[in-house]
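All values below were derived from every heavy atom in this structure, side-chain atoms included, with hydrogens, water molecules and symmetry-related copies excluded. Sequence lines set the chain letters: A, B, ... in the order given, protein chains first and strands last, and positions in each chain run from 1. All figures in this text were calculated on a predicted structure; none of them were measured in a lab.
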Amino acid sequence: MAESTNMRLRLPLLCIILEVILIILFGTLVEYNDDTHAMLWNENRTDSATRNDHENEFYYRYPSFQDVHVMIFVGFGFLMTFLQRYGFSSVGFNFLIAAFSLQWATLMQGFFHGLHHGKIHVGVTSMINADFCTGSVLISFGAVLGKTSPVQLLVMAIFEVTLFAVNEFILLSILGINDAGGSMTIHTFGAYFGLMVTRVLYRPNLDKSKHRNSSVYHSDLFAMIGTIYLWMFWPSFNSAITNYGDPQHRTAMNTYYSLAACTLATFAFSALVNPEGKLDMVHIQNAALAGGVAVGTAGEMMLTAFGAMIVGFLAGTISVLGYKYLTPVLESKLKIQDTCGIHNLHGMPGVLGAVVGAVTAALASPDVYGHGLQRVFADVETGKWNPQSRGGFQAISLAVTLGMALFGGLITGFILKLPIYGAPPDTHCFEDGLYWEVPGEEEGHQELYEVATSNEVEKLSS
Amino acid sequence: MAESTNMRLRLPLLCIILEVILIILFGTLVEYNDDTHAMLWNENRTDSATRNDHENEFYYRYPSFQDVHVMIFVGFGFLMTFLQRYGFSSVGFNFLIAAFSLQWATLMQGFFHGLHHGKIHVGVTSMINADFCTGSVLISFGAVLGKTSPVQLLVMAIFEVTLFAVNEFILLSILGINDAGGSMTIHTFGAYFGLMVTRVLYRPNLDKSKHRNSSVYHSDLFAMIGTIYLWMFWPSFNSAITNYGDPQHRTAMNTYYSLAACTLATFAFSALVNPEGKLDMVHIQNAALAGGVAVGTAGEMMLTAFGAMIVGFLAGTISVLGYKYLTPVLESKLKIQDTCGIHNLHGMPGVLGAVVGAVTAALASPDVYGHGLQRVFADVETGKWNPQSRGGFQAISLAVTLGMALFGGLITGFILKLPIYGAPPDTHCFEDGLYWEVPGEEEGHQELYEVATSNEVEKLSS
Amino acid sequence: MAESTNMRLRLPLLCIILEVILIILFGTLVEYNDDTHAMLWNENRTDSATRNDHENEFYYRYPSFQDVHVMIFVGFGFLMTFLQRYGFSSVGFNFLIAAFSLQWATLMQGFFHGLHHGKIHVGVTSMINADFCTGSVLISFGAVLGKTSPVQLLVMAIFEVTLFAVNEFILLSILGINDAGGSMTIHTFGAYFGLMVTRVLYRPNLDKSKHRNSSVYHSDLFAMIGTIYLWMFWPSFNSAITNYGDPQHRTAMNTYYSLAACTLATFAFSALVNPEGKLDMVHIQNAALAGGVAVGTAGEMMLTAFGAMIVGFLAGTISVLGYKYLTPVLESKLKIQDTCGIHNLHGMPGVLGAVVGAVTAALASPDVYGHGLQRVFADVETGKWNPQSRGGFQAISLAVTLGMALFGGLITGFILKLPIYGAPPDTHCFEDGLYWEVPGEEEGHQELYEVATSNEVEKLSS
């Protein structure tokens, strides 16, 4: 076993090769954009009297970026530390694949979002978009958590980031739809991609690691750090790349209300589905976030707080019910082993969010939005705008996303099945010790053991 | 016992009913404000050439809002995880009652702060205000921590939020006083409300749960996460709703200096009051924050860094002394069982903050503030401004707040005493297991036990 | 022993005296600056029609300040909790010396950065600078972690802050060089100062505390909280005091890419240097951050993402190799006991950053920077600008910094060696119990012990 999971050559080689490729591609293709380039920013400045430093997109986007960044690294990273002996891998592999994905995503998204004379232009908006794409990979990571080597995860990220960029291009650039918070592009895509990968990697004997596939008291508290940060900053996530002014402001607020309502639904249904009325940490850690996912598309629209709260309440409800009743069936019937239950947190709420977005878009009208209509729906300006067809395109986008995710996950799953990545054996899943130097138990415990030993010896010898 | 504390029907019913009521009221009463409404923001925009997106209040308030949000959910939530077996409830119930309170507060505050044609207008400022009101409820939660069911906490929140809004209305709208950081409206109110509630809910036999009413090593570290976040973001808290420009800037800086001085006082007195000169985590976790509370009123005024540091130093001192000498007396003589010692962190420093605010307001003059006077004291513009009477109104406000808090806490305490909420028995306070599915001990410990067992058996059998 | 390490008088006396001195000096010397003073801000406002509240530096700097603040208190504080029984001291002493240092730094930096009619003017920029200086002290703290009393740490901070301000004055004001992110002023200075202090305080018998000088499973997870926050917010750190507009934006982005590349290098080399290919938490916690240190000087220049990634990759590589091969040699040959390995995280990457800064400055030209040149290199405006000599001054600054740090550390080390500060004995280093009231083990463990005991008794008695 030690042989087959040894990372000594595999992981360094892959990391170094990938980073060297990234550096070469960045050197060839990437340039500062108008807001980060010393010459370009200050040239434009001189041209126009009205352009001042405070108009640099940095001041509109960077606080949102940092909130998103916290969600990606602390939020996702700590959310997955709930497993008793997989904390190092949860935070650590999350860190590794996120650091890789954001670089790769910059290139892939830059390529599809439009080159400038053959160059990719970068700035804070591309940083947010790269973090978004990374989020999608981390969602999929949740499905295969504990059952994959870091090499597998990096390979998964290579493919998933690429397909994410293609899907995003189809949705945003070809179909021209709205999805600022990524109900479809991020959550639905990441969830169904990951579910398909874990389906292909099905392990019939995963029971052998069952004793490690659960939480302990402290690991649940570490996971709550992730949950709470995701919850708090979700308004920033959904609003990070909307248009300035009212759309950004409104999106943050809609998300805030959706999450609040979702939290009450989560506590309610968590207690309701338990025979003793006890709350389940798995639900609180995950389902309370579903409200953020479900307003990822409609959040920038005139959804109203009322609408956001209904959506959030529904999302929390289906998410808890999914954990309780659907996840076991997915595993037993469909052979989908979904470690973190991403289907309940990102899959179903993502689909709900897509549907809500389609309906809200189809109901949009100048009577409600006034001159603000074109700031939400870009095609108003082009004159091609029609709310019903707009709603239709939103719905088509969901189908495209599901197709791309399932197909991409299928292919990627088979690639990950090759016996060359040092995947953990069925007996050692959910175990940090395979890939990490793990320190011993606490001194206190050791002392406890020694005390117990010597006490007993004395007591019984006498 | 299992019968009486079972939450299976109580909690879901209450959560669902409350959320449905909230949704209906939001649907009836709540509208986007000028800065979040697609039509209104863009109409005004066209009207005035000078109004640009960067003037949307989002860009002035949202970063502060997010810092406040972190204080509410991470700060308060983790601060209370210091108890050894109450971490799930501390973070979890904090999450639940905060999610409820911010919705309910939006309605109550919106109602009292002034309706617009019968509607409540919401935006980032209302979000900050709702979070502030929520903070008050969480302060009270600290007093009853470990001794109340989640149903009791939600019921407490219903009443406390309502009375908070009334008190805030009296202070800010009728008396027209300053309290941007809420020394009175948030801290004094929340503290004395909570102390009165816990007084009414006095448990003579709480000793039976004494062994759980203390920290362990790791739980103290989790609590420090809460402390440090509260400490760092307090400058944002106090400045979140001041006027733009110099008042917001000055408030943040005054708070920063007050907290720094407070921290040195806390370490000094924590060591001094201990016979062996050892520092006490309880003091560090709590008293070091008193400096933020104590400049909640005067922070926006020309207090100077010098003044802020004196106030902070005093606040830290009285807070540590309170923990050491007053809390035991409050429990033994006045039957006030204050789990987190909120009297030392929010009560006394809140009163100190009110007094400092009254004095600083009474000393205000155009010689010091120049044209900035009207940006701090709104009544300068109305011509009714008089520093001495202003100071007097600040002092009256403290009395009003204390009265409202004590009276409200009394009533609410008796309501919470009804035997219908599934409160924990005296023997099972401070225990997550009553309301949560709690995982077993760590595998490591289990193994340790097994090793200890088998080793001993072998050794002694031979 | 209890006698000699007792803090009951030493710590309170020092804290109170220091704070009283600080308060007096602040009262005498410190004033609000133009952006925080009610009169000054609003006077200027009336004078100029173009000056609006959104131009207050608060809105440009405060979000960055808060990110830096999180790095100082959560980042450094939790990063050092990796030790199994030193978590209280790591977070707690970090808190204490940071709270002191930021006040003292405000005075020292204010004195050297230029008085205004004999007064120090404070605002958000001085708050950031004070936090930066504090960071330097906390770096040095990492070298002596576990081997010093809080009194020693405060004394160290007094001297280090003072020398930091002198060195910073020489570099920025006399030599006129660039170092916005502090590769030299903060990291190189803090590291070599701390290394020299720990050299002078060399303990030949530190082995006696060896069993506590390591991590346990949960303490490594707490440390990862520190790591991830430092990593995420490093872009804000490096960009916090650059010029507005493109420099701030570009610095944040360069840092982001450097850190991402650094992370892949860290994982690669961590696995490569381990015989079994296992990752080492020490590397991940520390080396992954070296990329932020190494672009601290060049980050604001036109380094390009390509350049930043190369620098980050190199920094991660030398940092891991340093932990593996250099740290043991430093201890055995040079008698430098570097608890946190600050030489690998701040020392070598800081020097690398200085060199990269010198080279990038020497390569600067109007062809690349256009009108933006003067926004990065201030001496362009004065007409004294010459890229080669500029690069030379950058290099000279490194030498000055190293000299100041080593000399200052030497003196400070000898001062700290006096037997009056209650330093821990060799047998009780890395132990919270010396300076803190430490709670017992968890109830669960206690029960475990009891169960083990009684089970054994029964089993064996029968």
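- When heavy atoms are compared at a cutoff of 4.5 Å, B:A261 approaches chain C by way of both its backbone and its side chain.
- Of the two parts of B:I284, the backbone and the side chain both hold a non-hydrogen atom closer than 4.5 Å to a non-hydrogen atom of chain C.
- The two atoms that bring B:S239 and C:F58 nearest to each other are OG-CZ, 4.4 Å, heavy atoms only.
- Contacts of C:T28 with chain B are absent, with no heavy-atom separation under 4.5 Å from either backbone or side chain.
- Contact tally against chain B (heavy-atom pairs below 4.5 Å) for C:V70, C:L11, C:I16: the top residue is C:V70.
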Passes side-chain contact (heavy atoms from CB on, under 4.5 Å), C:W436 versus B:D220? Steps please.
CA-CA 12 Å; C:W436 296 85; B:D220 268 327; over 6 Å; no
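- Nearest heavy atoms, C:G27 versus B:F306: CA-CD1, 3.2 Å.
- The most heavy-atom pairs under 4.5 Å with chain B, out of C:F65, C:Y62, C:F100, come from C:Y62.
- Within the 4.5 angstrom heavy-atom criterion, only backbone atoms of B:V368 (N, CA, C, O) approach chain C.
- Contacts of B:P247 with chain C are absent, with no heavy-atom separation under 4.5 Å from either backbone or side chain.
- How far CD of B:Q285 is from CZ of C:F95: 10.5 Å, rounded to the nearest 0.5 Å.
- The side chain to side chain donor-acceptor pair (under 3.5 Å) search around C:T81 returns none, not counting sequence neighbours.
- Chain C forms the most heavy-atom pairs under 4.5 Å with one residue out of B:A308, B:S64, B:A288, B:P275, and that residue is B:P275.
- C:T36 pairs in a side chain to side chain contact (heavy atoms under 4.5 Å, CB included) with only one of the listed residues (B:M253, B:Q248, B:M302), which is B:M253.
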Please evaluate residues B:V282 and C:E437 with respect to the criterion side-chain contact (heavy atoms from CB on, under 4.5 Å), reporting the C-alpha separation (whole Å), side-chain torsions for both, the decisive distance (0.1 Å), and the verdict.
CA-CA 10 Å; B:V282 173; C:E437 287 285 350; over 6 Å; no
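- Rounded to the nearest 0.5 Å, atoms CZ (C:R10) and CG (B:L272) are 14.0 Å apart.
- When all heavy atoms of B:A268 and C:P12 are compared, the closest pair comes out as O-CG, 3.2 Å.
- To the nearest 0.5 Å, atoms CE (C:M7) and CG (B:N274) are separated by 12.5 Å.
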Given C:F26 and B:M309, is the side-chain contact (heavy atoms from CB on, under 4.5 Å) satisfied, shown in steps?
CA-CA 9 Å; C:F26 265 76; B:M309 287 159 73; 3.5 Å; yes
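- The pair C:D432-B:K278 does not count as a salt bridge, with every side-chain nitrogen at least 4.0 angstrom from each carboxylate oxygen.
- Heavy-atom distances place the side chain of B:Y229, and not its backbone, under 4.5 Å from chain C.
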Throw together a table of side-chain donor-acceptor distances under 3.5 angstrom for residues 71-80 of chain C, partners on residues two or more places apart or in other chains.
none

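- Judged purely by atom type and a 3.5 angstrom limit, B:E276 has no side-chain atom pairing as donor or acceptor with the backbone of C:Y435.
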Decide side-chain contact (heavy atoms from CB on, under 4.5 Å) for C:F93 and B:L279; before the verdict, give the C-alpha distance in whole Å, the side-chain angles of both, and the deciding distance to 0.1 Å.
CA-CA 11 Å; C:F93 296 164; B:L279 296 161; 3.8 Å; yes
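- By number of non-hydrogen pairs under 4.5 angstrom with chain B, the leading residue of C:R8, C:H37, C:R61 is C:R8.
- Both the backbone and the side chain of B:Y244 come within contact range of chain C, judged by heavy atoms closer than 4.5 Å.
- Rounding to the nearest 0.5 Å places CG of C:D53 at 7.0 Å from CG of B:D246.
- The parts of B:S236 that come within reach of chain C are both its backbone and its side chain, each placing non-hydrogen atoms under 4.5 angstrom from that chain.
- Under 3.5 Å, the side chains of B:H249 and C:N56 contain a donor-acceptor pair of N or O atoms.
- Atom CG in C:L22 sits 10.5 Å away from atom OH in B:Y257 (nearest 0.5 Å).
- For C:H69 and B:W231, the distance between ring centers is under 6.0 angstrom.
- Of the listed residues (C:V30, C:V91, C:L25), the one with the most heavy-atom contacts under 4.5 Å to chain B is C:V91.
- Within the model, atoms CG of B:L221 and CD1 of C:I225 stand 9.0 Å from one another, a figure rounded to the nearest 0.5 Å.
- C:Y32 has its side chain within reach of B:N254: a pair of non-hydrogen atoms, C-beta onward, lies under 4.5 Å apart.
- In this structure, the portion of B:D367 lying under 4.5 Å from any heavy atom of chain C is its backbone and not its side chain.
- The backbone N or O of C:A38 lies less than 3.5 Å from no partner atom in the side chain of B:R375, so there is not a single donor-acceptor pair.
- In terms of heavy atoms, C:Y59 sits closest to B:G245 at OH-N, 3.0 Å.
- A centroid separation of less than 6.0 Å is found between the aromatic rings of B:Y217 and C:F88.
- Chosen from B:P63, B:S214, B:A265, B:P235, the residue pairing most often with chain C at heavy-atom distances under 4.5 Å is B:P235.
- Contacts of B:Y60 with chain C are made by both backbone and side-chain atoms, with heavy-atom separations under 4.5 Å.
- Chain C forms more heavy-atom pairs under 4.5 Å with one residue of B:A260, B:A305, B:P366 than with any other, namely B:A260.
- Residues C:P439 and B:S215 approach most closely at CB-O, 3.3 Å, considering heavy atoms.
- Most heavy-atom pairs under 4.5 Å with chain B: of the set C:L13, C:T106, C:V438, this distinction falls to C:T106.
- Interface remark: C:V122 contributes backbone and side-chain atoms alike to the contact with chain B (heavy atom separation under 4.5 Å).
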